[in-house]
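All values below come from the heavy atoms of this structure, side chains included, with hydrogens, waters and symmetry mates left out. Convention: sequence-line order gives letters A, B, ...; per-chain numbering from 1.
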2 protein chains.
Amino acid sequence: MTTKERILTAALKLFNRDGVERITTRHIAADLGMSQGNLHYHYPNKNEVILALLQRFFDDLKSAQRYEGGLFDKEEMLLSMQNNFRIMHDYRFFFLEDKVVWRRLPEVKKQLLEYFDITRGRINQVIEGYKHHDLFRAEVSPYQLEFLLDQFLFSITSWLHAVDYLPIQTDPSAYFAKYTFSIWLPYLKPDEAEDWEEILISTG
Amino acid sequence: MTTKERILTAALKLFNRDGVERITTRHIAADLGMSQGNLHYHYPNKNEVILALLQRFFDDLKSAQRYEGGLFDKEEMLLSMQNNFRIMHDYRFFFLEDKVVWRRLPEVKKQLLEYFDITRGRINQVIEGYKHHDLFRAEVSPYQLEFLLDQFLFSITSWLHAVDYLPIQTDPSAYFAKYTFSIWLPYLKPDEAEDWEEILISTG
DNA sequence: GTCTATACAGCGATAGAC
DNA sequence: GTCTATCGCTGTATAGAC
């Protein structure tokens, strides 16, 4: 592992544990048994460390992305979401302290919103596909269905915040991946809902 | 308005705008055209300012609480939630920067979790009442229903975080109060769902 | 109650030796 | 590449005059 990489790993650990504002370049250097001057040789300032971590976050997401199975391979969809959630959890300070980071670096906000906008498009495709194949219950009103996309997006962007407020026993990433898909069960026709429920119960 | 109150009002404004960590006692004093020494006469340190704000938050909640209508007065329930959300929005730094505040003052975490635990109990009562009066659709499985309480709690505790991620045009407090109740529409029997939908569309 | 002045600690960042 | 030393700035908190 190169020194630059070791710095990022230590910084990530400390940011997640103690917060971006509290952790200084001194702390990161000390954690590595390295001088602060040397750290500044590799990264001119703290913001550059944060930006490098954001880059690594997106790289991790990309390399975890297997080839897209069809929109209707349920198990694949669930596991893929679990994977993404695990990576988000690895870099959780970006989300748990999003407002703090965005204030330092508006660029981070822009990039994260772009990322979630792409996700939003994917989810919308799935919903439209389900509409097209007539898999939603007939009684569900358009008003109700309008909220569905927002509900997914809410869950995907903000689940890390909720971890402290909900009584969760198991691995948060796994729990909230299941939670996210459980959102739409009551919108689906009984057969489709049963299908999904089985997957949610048996997987992970 | 007493000086102590003026300090709290200024501090709240600045915390919401620029973040708890960034805003210092100097900033608060300057905003009031007051010396920093004088501020420290009224509040010995920044943490005491934050704790006083938490107290005021709970006071505001309490005084906004009208007498509880029955569990089944829908309009009352919606307006009451909108009110609570508005107050949360007034003190939003407590929620948008919850992890940062909690690290400084673990006491704040304890009190907020207690508050939401009480809310959790109330919601659970409503759900149980709906079960008892047989208002949920028969096809909804116990597995699905288990998630309902968590969905409500997730929404109520974390909606402020989601404001930046969702494309919201109107007043966030109003939007998310409606959003929260829209969660359970697909779980309800058609008649009850229609009833709720009408309220959600016509109110606010 | 309100002010000015000050002590003290910690942070970001740079310079220069090895 | 890595170190030590150091500067300038900002934050918290206190002391003492009015």
Between [atom2] of [N] and [atom1] of [X], the distance in whole Å:
X	N	atom1	atom2	result
B:E48	D:dT12	CD	C1'	14 Å
B:H40	C:dT2	NE2	P	15 Å
B:R26	D:dT12	CZ	C1'	8 Å
A:L32	D:dC3	CG	P	10 Å
B:K4	C:dT2	NZ	P	12 Å
A:Q36	C:dG12	CD	C1'	7 Å
B:Y43	C:dG1	OH	C1'	15 Å
A:L39	D:dG1	CG	P	14 Å

*Residue A:E198 excluded, over 12 heavy atoms near CD under 6.0 Å*: no

*Upstream residue (5' side of DNA chain D) when A:R6 and B:R22 are each assigned their closest nucleotide*: A:R6

*Of B:K46 and A:M34, whose closest DNA chain D nucleotide lies nearer the 5' terminus?*
A:M34

Less than 4.0 angstrom between a side-chain N/O of [X] and OP1 or OP2 of [N], yes or no?
X	N	value
B:Y41	C:dT2	no
A:N38	D:dC3	yes
B:T3	C:dT2	yes
A:T25	C:dA13	no
A:H27	C:dG10	no

*Would you indicate what A:S35 reaches in the nucleic acid, counting non-hydrogen atoms under 4.0 angstrom: base, sugar-phosphate, or nothing?*
base

Check: [Y] main-chain N/O paired with [X] side-chain donor or acceptor under 3.5 Å:
X	Y	result
B:K46	B:V20	yes
B:S63	B:D60	yes
A:N16	A:D90	yes

*Shortest non-hydrogen contact from B:L145 toward B:Y187*: CD1-CD2, 4.1 Å

